[in-house]
Amino acid sequence: MPLLESHPLQPFLPSNAKVLMLGSFPPQQKRWSMDFFYPNYQNDMWRIMGLLFFADRNIFVDSKSKSFHKDAIIHFLQETGIALYDTAEIVRRLRDNASDNFLEIVQHTNIEGLLQHMPQCEAIATTGEKATNELISHYP
């Protein structure tokens, strides 16, 4: 049976957060290009955010090191009031990959606990089907 994995990051909750963005769970650390959310260089999250907010898909991309500009991302999130975390605290990967299809959630995130630290939160967004289903299971 695959080993249990605990979430490797703390919730990112800026004091002015108006939006909580929830994913499912980070990829294995061997796939990380930075020590922050959406760390896989193949993931387009930071390219999409750059395109949406700055009309520049590469504003957060460090193509030389095949990584992202973590400090710029954190500054952007703090300025815009976007908080980040995931819907799972402990998981079991049923296959050796980052696919949500093979991610068994063993311990769910206490979403109410996150929201208690975000008095200005107006919306919750999810980044995929698994995260959406997890959120819906908390708030039918």
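Note that the coordinates shown come from a computational prediction; the quantities given were computed from them, not determined experimentally.
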So if you build clusters from Ile, Leu, Val, Met, Phe, Trp, Tyr with side-chain heavy-atom gaps below 4.5 Å, do Ile48 and Met45 land together?
-> yes
Expected output: side-chain Asn110 to main-chain Gly113 donor-acceptor under 3.5 Å = yes
Report, as yes or no, whether the 6.0 Å neighbourhood of atom NZ on Lys64 holds more than 12 heavy atoms from other residues, nucleotides or ligands.
-> no
Check: Met49 and Met21 side chains under 4.5 Å, non-hydrogen atoms | yes
Side chain to side chain contact (heavy atoms under 4.5 Å, CB included) evaluation trace for His108 with Glu134 | CA-CA 8 Å; His108 305 273; Glu134 283 300 305; 2.5 Å; yes
Decide side chain to side chain contact (heavy atoms under 4.5 Å, CB included) for Leu115 and His117; before the verdict, give the C-alpha distance in whole Å, the side-chain angles of both, and the deciding distance to 0.1 Å.
-> CA-CA 5 Å; Leu115 293 172; His117 296 282; over 6 Å; no
Nearest-0.5 Å distance, CG of residue Asn133 to CD of residue Glu129 = 5.5 Å
Okay, side chain of Lys70, backbone of Asp35: is any donor-acceptor separation there less than 3.5 Å?
-> yes
May I ask you to decide if Ala88's main-chain N or O and Thr109's side chain share a donor-acceptor pair within less than 3.5 Å?
-> yes
Does Lys130 reach the side chain of Leu103, with side-chain heavy atoms less than 4.5 Å apart?
-> yes
Reported CG-to-CG distance for the pair Leu77 and Asn16, which is rounded to 0.5 angstrom = 10.0 Å
Please step through side chain to side chain contact (heavy atoms under 4.5 Å, CB included) for the pair Phe25 and Ile105, ending with a clear verdict.
-> CA-CA 9 Å; Phe25 197 81; Ile105 297 178; over 6 Å; no
Does the side chain of Tyr38 reach to within under 4.5 Å of the side chain of Asp44, using non-hydrogen atoms?
-> no
NZ/NE/NH1/NH2 to OD/OE distance under 4.0 Å, Glu5 and Arg93 | yes
Main-chain N/O of Pro39 paired to Ser33 side chain as donor or acceptor, under 3.5 Å = yes
Do the side chains of Leu13 and Tyr85 get nearer than 4.5 Å, heavy atoms only?
-> no
Compute the centroid of each ring, for Phe53 and then for Phe76, and state whether the two points are separated by less than 6.0 Å.
-> yes
Could you check if a side-chain atom of Leu22 sits within less than 4.5 angstrom of a side-chain atom of Ile111, using non-hydrogen atoms only?
-> yes
With a cut-off of under 6.0 Å to the ring centre and 45° to the axis, is Arg47 in cation-pi contact with Tyr41?
-> yes
Please state whether the rings of Phe60 and Phe54 are parallel, tilted or perpendicular, taking 30° and 60° as the class boundaries.
-> perpendicular
Result for side-chain contact (heavy atoms from CB on, under 4.5 Å) between Met118 and one of Val19, Leu20, Ile124 points to Leu20
Taking atom CD1 of Ile74 and atom CE of Met34, what is their separation to the nearest 0.5 Å?
-> 8.0 Å
CD1 of Ile82 to CZ of Phe37, rounded to nearest 0.5 Å, is 13.0 Å
Distance (rounded to the nearest 0.5 Å) between Ser24 OG and Leu135 CG = 13.0 Å
State, with a plain yes or no, whether a side-chain heavy atom of Trp32 is found less than 4.5 Å away from one of Pro27.
-> yes
Gap separating the CD1 atom of Ile90 from the CD atom of Gln107, nearest 0.5 angstrom | 4.0 Å
Sub-4.5 Å side-chain heavy-atom contact between Val61 and Phe68 | yes
Going only through I, L, V, M, F, W and Y residues with side-chain contacts under 4.5 Å, is there a path from Leu114 to Ile136?
-> no
Has the side chain of Trp46 got a donor or acceptor atom that lies under 3.5 Å from a matching backbone atom of Ile73?
-> no
So do the side chains of Phe102 and Arg92 get within less than 4.5 Å of each other, counting heavy atoms only?
-> no
Output yes when a side-chain donor or acceptor of Asp86 lies under 3.5 Å from a complementary backbone atom of His7, and no otherwise.
-> no
